[in-house]
Amino acid sequence: MTTTDIIFRRLVEEDAILITVHASRGSVPREKGAWMAVFGLHTVGTIGGGHLEYQAITEARQRLSGGTGEPVLRYALGPALGQCCGGEVQLRFEPVAAADIDALRARLVPTRYPVALFGGGHVGHALVRVLGDLPLQVSWVDSRDEIFPADLPSNVSCEHSDPVQAAVNSLASGSRVLIMSFSHAEDLDVVAACLMRQRLQADLPYVGLIGSETKWATFRRRLEGRGFTPQELAHITCPIGVPGIAGKEPAVIAVAVAAQILQTLPAPDKSRRHEQGEH
């Protein structure tokens, strides 16, 4: 269950104060738009933790108890708050209830970037668990229908495709593709299908293949035999995962791969970085 799912479920039962980072300057814990919801006994989300969050929760609960205050309060993140960030953050306090759920859904649900994961092996299972907490929409594809677990993160959908590479044509534009099937032959066919789609549409910003440099050298020769150019083959990332992580356990690989996928996502808005004092 996502953070937004939790807040919507709780709002059906009780009102809350929504705290949003309205603006910031200098070094701050969270970006503009970050939020948390404060209920009578619970909180959902975070605006960065520490004493800033403690004071914001206290302020929100006073308002839940009938207190009033300005809609936006300014906090300097210096010695007075026991935080050494040195910046300044403005927090908006907003009462919300069940009637606001539809409007909040449009505001709070993050943009989800499409990811296609081909392969339901041990690494695939570990990776789905990691990707389930990220701002992604995951299509999990395998030629074996029985391998998908019943309990999936809410941002993951499963597709049985035989042949598996047939699913490439229907991927959402902008998909980041991860290829790790149970078979080298299937991997090769999926890579070839991605390269052909990239040749025709150029809308797959990242295509990653699990495996060693030796595996990729073999694949490269076979793909060249299918007519793909060195420039086209340069679009494939193999091995996958951020450099410097040597472990081969599925969970370790999953974290390294998820980090690399995050590196391919659009950078924060430059005007927002300037507003936060990042130069």
Side-chain angles (χ1 to χ4, degrees), residues 1-113 129-137 151-156 262 265 268-269 271-278:
M1 184 180 298
T2 66
T3 304
T4 48
D5 290 334
I6 295 171
I7 181 178
F8 300 147
R9 177 171 292 187
R10 286 198 178 277
L11 278 176
V12 173
E13 304 295 332
E14 60 176 315
D15 296 349
I17 298 293
L18 180 69
I19 306 172
T20 309
V21 178
H22 177 69
S24 60
R25 179 177 58 81
S27 179
V28 296
R30 291 295 307 275
E31 70 284 358
K32 180 180 178 181
W35 60 270
M36 72 181 301
V38 179
F39 295 86
L41 297 176
H42 304 278
T43 64
V44 179
T46 179
I47 54 170
H51 202 60
L52 168 68
E53 190 161 292
Y54 174 79
Q55 284 204 359
I57 291 171
T58 300
E59 175 70 25
R61 291 207 165 118
Q62 288 176 350
R63 298 186 186 211
L64 280 174
S65 300
T68 60
E70 294 296 321
V72 177
L73 297 181
R74 172 186 169 276
Y75 295 85
L77 305 181
L81 272 183
Q83 294 187 232
C84 59
C85 299
E88 175 185 300
V89 62
Q90 295 180 36
L91 299 180
R92 178 177 292 278
F93 294 81
E94 176 184 1
V96 291
D100 301 306
I101 289 176
D102 288 343
L104 289 174
R105 196 180 302 277
R107 287 173 51 190
L108 302 182
V109 174
T111 300
R112 294 195 179 276
Y113 298 92
R129 289 192 291 271
V130 176
L131 299 181
D133 290 327
L134 300 178
L136 306 170
Q137 188 62 48
D151 186 19
L152 289 169
S154 61
N155 64 332
V156 177
L262 291 176
L265 301 184
D269 184 81
S271 63
R272 181 177 296 175
R273 294 206 304 270
H274 179 75
E275 178 183 88
Q276 294 175 337
E278 295 178 20

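For this chain, numbers begin at 1 and follow the sequence in order.
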Got [X] and [Y] here, is their nearest side-chain heavy-atom distance under 4.5 Å?
X	Y	answer
Y75	V28	no
V21	V89	yes
Y113	L134	no
L136	L265	yes

Legend entry - Donor-acceptor contact below 3.5 Å, side chain E53 vs main chain G48: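 At least one qualifying donor-acceptor pair exists.
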Inset, instruction - Measure from the side-chain N and O atoms of Q137 to the backbone N and O of N155, and report whether any donor-acceptor pair falls under 3.5 Å. - result: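 Yes, the answer is positive, given that a donor and an acceptor are paired below the 3.5 Å cut-off.
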Legend entry - Distance-minimising heavy-atom pair for P153 and G132: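 Heavy atoms only, the tightest pair is CB-CA, 3.6 Å.
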Legend entry - Closest non-hydrogen atom pair between A56 and L91, with its separation: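 Heavy atoms of A56 and L91 come nearest at CB-CD1, 3.8 Å.
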From [atom1] ([X]) to [atom2] ([Y]), nearest 0.5 Å:
X	Y	atom1	atom2	value
T68	Q62	OG1	CD	10.0 Å
F39	I6	CZ	CD1	10.0 Å
L73	F93	CG	CZ	5.0 Å
T46	I19	OG1	CD1	10.0 Å
I47	R30	CD1	CZ	9.0 Å

Legend entry - Under the side-chain hydrogen bond (donor to acceptor under 3.5 Å, both in side chains) test, residues paired with R92 that sit two or more places apart: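 Partners of R92 by the side-chain hydrogen bond (donor to acceptor under 3.5 Å, both in side chains) criterion come out as none, since no residue qualifies.
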Legend entry - Partner set under side-chain hydrogen bond (donor to acceptor under 3.5 Å, both in side chains) for R63, not counting sequence neighbours: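 Listed in chain order: E59.
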Report all side-chain donor-acceptor pairs from residues 99-110 shorter than 3.5 Å, counting only partners two or more places apart or in another chain.
| from | atom 1 | to | atom 2 | distance (Å) |
| --- | --- | --- | --- | --- |
| D100 | OD2 | A97 | N | 2.8 |
| R107 | NH1 | E94 | OE1 | 3.3 |
| R107 | NH1 | E94 | OE2 | 3.1 |
| R107 | NH2 | E94 | OE1 | 3.2 |

